[in-house]
Amino acid sequence: MSSFLKIAIRNLLKGPSTDPYPFGETFVPKGLRGKIKYNAKACVACRMCEHVCAGGAIQIREVADKSGLEFILWHNTCAFCGLCEHYCPTKAIRLTEDYHTAHKQEDKYRYVEKGFIKYVNCAQCGTPMVPIASELLNVAYDQVNKDIEKLRHLCPKCRQERALR
Amino acid sequence: MKKLLQKIAKKSPWLYRINAGSCNGCDVELATTACIPRYDVERLGCKYCGSPKHADIVLITGPLTARVKEKVLRLYDEIPDPKVTVAIGVCPISGGVFRDSYAITGPIDKFIPVDVNVPGCPPRPQAIIDGIVEAIKIWETRL
């Protein structure tokens, strides 16, 4: 009896264990995998995310006027598995800790994360190409010097010519 | 009398859960939201009920497999109008990772009018509470 009383009094002093969520603040565990955030500036359009996406949520395709590539992620089929983040070489895709996903049926097909990668022209021949992000250079080289910085603005063909010269 | 009942009913929608071939992930989260004092949906006036005839808000999990399709539709027809439907998890919304499988007849909005979507695999209890709050708002307009 006394042990029961002890527990009852202790629980009384501790206060409610209910999370006050819809009426108050809540907590987020560290490292929670939630909605995806995409950074078009760091993306090099390698399409690895599209390839590994378990739910088939990611699409990278050329826009109609051929001025660049469009990244589309439909949250409604994303399983938060994090494979895209894991395989992204430049960390252009990040899983945020935002899990507030409830929305109305009208917004079902509008609930997407979008990004646009605008083509740049090759500094030598002018062919449109996907810009090479500085994040990728940092992954590929220890130190980025001026020569590498020059190669960055060339299309693969011109880059090859420059390297062979 | 009817007006008084409407006023009272608004405060206590009853929840009913249909499993349309779910992997049990979302069902566990629903059980968590309902039974664990930390989340506790009953604070919102909701109550889980065992019979579809008492239900006001329907929570559907799972991608509607070919095996349970008829049973789910029959069950859904037993729920009296007006009702609000909430799809929990990515499976009922789009098919999720099971999309284009031969065993799946969903997504669920092909057969059942859905009002609120709560994507996630599975969604967090707080996200489910968000969805239920949204559903209660719709429920108040339908009464």
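Chain letters run A, B, ... following the sequence lines, proteins first, then strands; residues in each count from 1.
The choice from Asp130(B), Asn117(B), Ile128(B) that makes the most heavy-atom pairs within less than 4.5 Å of chain A is Asn117(B). When each of Ile129(B), Ile93(B), Asp100(B) is checked for heavy-atom pairs under 4.5 Å with chain A, Ile93(B) comes out on top. In terms of heavy-atom pairs under 4.5 Å with chain A, the best-connected choice from Thr85(B), Asp115(B), Ile132(B) is Asp115(B). Listed options Lys108(A), Lys35(A), Lys104(A), His103(A) were ranked by heavy-atom pairs under 4.5 angstrom with chain B; first place goes to His103(A). With respect to chain A, the highest number of heavy-atom pairs below 4.5 Å among Pro119(B), Ala87(B), Cys121(B) belongs to Pro119(B).
At a 4.5 Å heavy-atom cutoff, the contact between Ile138(B) and chain A is made by side-chain atoms alone. Contact annotation for His75(A): only backbone heavy atoms (N, CA, C, O) come within less than 4.5 Å of a heavy atom of chain B. For Glu134(B), the part lying near chain A is the side chain, with the backbone staying farther off; criterion is any non-hydrogen pair under 4.5 Å. For Leu44(B), the part lying near chain A is the side chain, with the backbone staying farther off; criterion is any non-hydrogen pair under 4.5 Å.
Counting only N and O atoms by type, the side chains of Thr61(B) and Asp27(B) include a donor and acceptor under 3.5 Å apart. Between the side chains of Glu29(B) and Tyr39(B), not a single donor N or O lies within less than 3.5 Å of an accepting N or O.
Tracing side-chain contacts under 4.5 Å through hydrophobic residues (I, L, V, M, F, W, Y), one reaches Val114(B) starting from Val68(B); they form part of the same cluster.
Of the charged side-chain nitrogens involved, at least one lies within less than 4.0 Å of a carboxylate oxygen, so that Glu50(A) and Arg47(A) count as a salt-bridged pair. Lys137(B) has no carboxylate O lying under 4.0 Å from a charged side-chain N of Glu140(B), or vice versa, which leaves the two without a salt bridge.
By the 4.5 Å side-chain criterion applied to Ile, Leu, Val, Met, Phe, Trp and Tyr, Val97(B) is assigned to a cluster that also includes Phe98(B), Ile104(B).
For the pair Arg124(B) and Tyr99(A), the cation-pi criterion (under 6.0 Å, within 45° of the ring axis) is fulfilled.
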